[in-house]
2 protein chains.
Amino acid sequence: MSPYVQRFVMHIGEMGSKWGLNRTLGQMCGLLYVTPRPMNAEEMAETLNISRSNVSMGLKELKAWRLVQPASVPGDRREYWTTSKDVWEIFRVLAEERRRREIDPTLSMLRDTLLADPTSEEDRYAQDRLQEMHDLIELLNNWVDDMSGLPSKTLVRMLKLGRKVGRLLGPRRTKTESHETTLN
Amino acid sequence: MSPYVQRFVMHIGEMGSKWGLNRTLGQMCGLLYVTPRPMNAEEMAETLNISRSNVSMGLKELKAWRLVQPASVPGDRREYWTTSKDVWEIFRVLAEERRRREIDPTLSMLRDTLLADPTSEEDRYAQDRLQEMHDLIELLNNWVDDMSGLPSKTLVRMLKLGRKVGRLLGPRRTKTESHETTLN
DNA sequence: GTCTAATTTCAGGAATTCTTGAAAAGTCTG
DNA sequence: CAGACTTTTCAAGAATTCCTGAAATTAGAC
């Protein structure tokens, strides 16, 4: 592994641990992402200096995340693995999985809690806050649904367009306004 | 703390640990979010069943995240704390901080790596992948910049609008297409 | 079926992160 | 500036997460 690739892979590992995966999973993904050909488990273990069994567990998790796909190399019995080379696709899958694992359960919890009759003034207040959080999540969910239904190219166009629409639709927050909101 | 509020706070704690904070930080934020009045450190410690010093360290971190604001209660020497009750504002601050802590360093790393001359075919391939990742991040960054400059209400309008624009701008990916992309 | 190579599992150890109590430092009041 | 109260710091223990080697399982070739 060239020093540059190595730096990238190590960095992505650190990021992985902040993005719901862990360091090793991040490294494995990063490595597969920048490697033009599929790799087998032993190659990965050697390249990343981790044990073969660690790779095995990592692959198991990455399969569950839908971040790696099996590939067969003719004349070789071992299993080979790749990841999508479309970074938008990777981003999309990551978003979908995190939603399934983290957002959806949170929505359920919020809905359950909102069904209960508030028994005190404080409960009523709390429920209002929960309702607002629920509405935000649901709005984002719907938006992501629509966006992720689009092919990557359209999505890019949307985002670039979004910038312009944003400027037209409403005034920017002023520094003061932003500050007041923060302190409120 | 009523059982419902408790369930919410515990759940947000778990979420916190997946969102760059940790369990305790998440619980503290959640508690402040649903509590109509500012709280002091000791109240928080008692309510959450954690030590006073843990709250102190938590507050220190939450200050660094810009997620809590001090509030003074007349006639009481102790410091009181609140968090914004605008869930969009909280979301925005979280996004801004994570960008500063995670995304920006990643962009630097990518830029550095892209400056190097590739010495092999594999390096050239890797650099192409890095360039694509760089472009994606930069596009998202610009988009977030524009969005986060807008007041919450305009942002909500944008997102609701985005759904419709998305439907017009391009065809949805078909199941098959989506599948193929995933397996590619 | 048997033999071999590849993969997976898992219990224990390693490493990291979190929490705590005690002590230090800070702050307000009179 | 003394004394009471509050907050912060920090080192050590607790808890959690991660990684490994050995053993078990699976899969393929003959």
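Reminder, nothing fancy here: chain letters follow the sequence lines and each chain counts from 1. The structure displayed is predicted, hence computed values, not measured ones.
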Would a 4.5 Å heavy-atom cut-off, applied to side chains only, mark A:V87 and A:Y33 as touching?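 They are in side-chain contact.
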
Assess whether one donor atom and one acceptor atom, taken from the side chain of A:R77 and the base of C:dA5, lie less than 3.5 Å apart.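 For A:R77, whose side chain was compared with the base of C:dA5, there is a donor-acceptor pair (under 3.5 Å).
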
Without decimals, in angstroms, what is the distance between [X] [atom1] and [N] [atom2]?
X: B:D76; N: C:dT29; atom1: CG; atom2: P; result: 11 Å
X: A:M44; N: D:dT20; atom1: CE; atom2: P; result: 15 Å
X: B:R52; N: C:dG21; atom1: CZ; atom2: C1'; result: 13 Å
X: A:M57; N: C:dT7; atom1: CE; atom2: C1'; result: 12 Å
X: A:N54; N: C:dC10; atom1: CG; atom2: P; result: 16 Å
X: A:E46; N: D:dT20; atom1: CD; atom2: C1'; result: 16 Å
X: A:N40; N: C:dT7; atom1: CG; atom2: P; result: 7 Å
X: A:M28; N: D:dC19; atom1: CE; atom2: P; result: 11 Å

Compare the minimum distances between each of D:dC19, D:dT9, C:dC10 and the side chain of A:S53, then state the nucleotide with the smallest one.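 Between D:dC19, D:dT9, C:dC10, the one nearest the side chain of A:S53 would be C:dC10.
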
Selection from C:dC18, D:dA29, C:dT7 that lies nearest to any side-chain heavy atom of B:N22: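 For B:N22, the side-chain atoms sit closest to C:dC18.
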
If the plane angle is over 60° it's perpendicular, under 30° parallel, otherwise tilted; pick one for A:W19 and A:F91.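 Answer is tilted, since the angle falls between 30° and 60°.
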
Quick one: is the NZ or CZ of B:R129 closer than 6.0 Å to the six-membered ring centre of B:Y125, and within 45° of its axis?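 Yes.
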
Apply side-chain hydrogen bond (donor to acceptor under 3.5 Å, both in side chains) to A:N142 and A:E138, showing your working. CA-CA 6 Å; A:N142 286 335; A:E138 197 148 70; 5.6 Å; no

A:T24 side chain near D:dC19 phosphate (N/O to OP1/OP2, under 4.0 Å):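 True: A:T24 side-chain N/O within range (under 4.0 Å) of D:dC19 OP1/OP2.
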
Could you tell me whether the phosphate oxygens of D:dC10, OP1 or OP2, come under 4.0 Å of any side-chain nitrogen or oxygen in B:K60?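 Looking at the OP1 and OP2 atoms of D:dC10, neither is under 4.0 Å from any side-chain N or O of B:K60.
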
Scan [X] against the nucleic acid and name what it touches under 4.0 Å (heavy atoms): base, sugar-phosphate only, or nothing.
X: B:E42; answer: nothing
X: B:R78; answer: sugar-phosphate
X: B:I50; answer: sugar-phosphate

Going by atom types only, do B:D135 and B:Q131 share a side-chain donor-acceptor pair under 3.5 Å?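 There is such a pair between these side chains.
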
